[in-house]
Amino acid sequence: MNFQSGRHFLQIPGPTNVPDRVLRALSKPTIDHRGPEFADLSLEVLAGLQHILQTSGPVVVYPSSGTGAWEAALVNTLSPGDKVLMFETGHFATLWYHIALAFGLEVDFVPTNWRHGVKPEIVEKKLAEDKNHRIKSVMVVHNETSTGVTSRIPLIREAIDRAGHPTLLMVDTISSLASIDYRHEEWGVDVTVGCSQKGLMLPPGLGLNAISQRALEAAKSARLPKSYWDWQAMLAANKIGFFPYTPATNLLFGLREAIRMLEEEGLSNVFARHDRHAEATRQAVRAWGLEILCENPAEYSSSLTAVMMPAGFEADALLKLILEKFDMCLGIGLGKVKGNIFRIGHLGHFNDLMLAGTLAGLEMGLSLAGIPFSKGGVAAALEYLEGTFKSG
Ligand SMILES: Cc1ncc(COP(=O)(O)O)c(C=O)c1O
């Protein structure tokens, strides 16, 4: 590829742009992970994560990708042959389902058309029918990164409560954490699965679980094999700021800085910023005359927007052209929707002018690729952004 001057535009829905402050923190000299400076670092980070996840319970952090944190949630709470309820909301829900199958769980995997989230009424019906309480866990991806659809966790919690069922609730918040409002404790989530490379503005390499009291109870009798992922060893060491094995020390330096940045901005402002950029993006997509994959406005994602290509046009060729001409990468379609959609990431370290640049690159790309569309998406988005200053 030819030399490209200026900053690369990383507009996939994770990994996201890493702020300079975080990059500098990552580059500190590595310290002894058994010394007092490390204990201060990890205790600050673990407390900060509790605030971000909105929980007073424990949070554990693994040197892993998000997939590791998915596995940790299962192996710590379930036993071979346990039944779980999952929903095929997209590519990532399907990957989590395959992990459950690999561990010998019996999965009721409810299909969807990938254009809407988990329907609370189906959760309620399935649980009400499960008279013998065989379902040990309901597992939901909060924000489906492959489709730009956000399932409504509070409504799912209410559905579980209406059914009067003792199931655990496990939620993947990988592409919503620190981007879309998420409340582990208030929403009665038992295990939350997260990772570093999205709203937390870090490179990949950290996976995390937030754990409820009920999940800790379930862990006492869970018989799936585990060693690296075992919460018990981690929780015992974490109490005094240490890890049972070598942690990703420099990523924790970065995480401390990222948490400080999120606290300086204020979590509610972080969420409002994401909502506003998502709405501006949708205004652009509509002005282009293109269709948003998510069909329920109540489930629009604030961290990414998935856009459908006009019939007969291929998304990957468009994204290749945009990368070559404008040094910007956007998310390709994954799994079932490969080639039919592209995804605009608008999460993490991001602002109005970065969004303007992203949409401008797309608008020029659509034009150069000969895609049938109407110009004016960038203008519509800018007008919306400007209007929000006037209205409030
Ligand atoms: C919603 C969701 N869950 C899980 C994962 C898997 O995480 P990782 O690729 O870090 O293992 C991803 C990755 O993008 C994701 O978006």
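Just follow the structure's listing: the first ligand is 1, and inside any ligand the first atom is 1.
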When distances are taken from atom 8 (P) of ligand 1, the protein heavy atom at minimum range is Gly66 N, 3.4 Å
Counting from 1 in the order shown, the ligand 1 atoms closer than 4.0 Å to a non-hydrogen atom of Thr145 are 1 (C), 2 (C), 15 (C), 16 (O)
So, for His165 and His133, is the gap between ring centers shorter than 6.0 Å?
yes
- Message: Any atom of ligand 1 sitting under 4.0 Å from a heavy atom of Glu144?
- Response: no
* **Beyond-backbone contact of Tyr62 with Asn209, side-chain heavy atoms, under 4.5 angstrom** => yes
Counting from 1 in the order shown, the ligand 1 atoms closer than 4.0 Å to a non-hydrogen atom of Asn143 are 1 (C)
- Query: Is there a side-chain contact between Glu279 and Tyr384, using heavy atoms and a 4.5 Å cut-off?
  - Reply: yes
Within 4.0 Å of some non-hydrogen atom of Lys198, the atoms of ligand 1 are 13 (C), 14 (O), 16 (O)
Residue, atom and distance of the protein heavy atom nearest atom 3 (N) of ligand 1 read Asp172 OD2, 2.6 Å
### Message
Under 4.0 Å, counting heavy atoms only: does His142 come that close to any atom of ligand 1?
### Response
no
*Are any of the side-chain nitrogens in Glu363 or Lys375 under 4.0 Å away from the carboxylate oxygens of its partner?*
no
Closest heavy-atom approach to atom 11 (O) of ligand 1 among Thr67, Ile12, Val193, Leu304 is made by Thr67
Ligand 1 to Trp70, heavy atom cutoff 4.0 Å, flagged ligand atoms 3 (N), 4 (C)
shortest atom 5 (C) of ligand 1-to-protein heavy-atom contact is with Phe92 CD2, 3.6 Å
Within 4.0 Å of some non-hydrogen atom of Ser65, the atoms of ligand 1 are 8 (P), 10 (O), 11 (O)
Open item on the list: Looking only at the side chains, is there a donor atom on one of Glu217 and Gln213 sitting less than 3.5 Å from an acceptor on the other?
Closed with: no
Subject >> Pair Asn351, His277: side-chain N/O donor-acceptor within cut-off below 3.5 Å >> reply: no
Quiz item: Could Arg157 and Asp161 be called an ion pair, given the rule that one side-chain N must be under 4.0 Å from one carboxylate O?
Solution: yes
- Query: Do ligand 1 and Ser175 have nitrogen or oxygen atoms that lie under 3.5 Å from each other?
  - Reply: no
So for Trp96 against ligand 1, with non-hydrogen atoms under 4.0 Å, the contacting part is neither
Per side chain to side chain donor-acceptor pair (under 3.5 Å), Asn143 is matched among Ser179, Ser176, Ser301 by Ser301
Check: Under 3.5 Å, is there a donor-acceptor pair linking the side chains of Thr192 and Tyr182?
Finding: yes
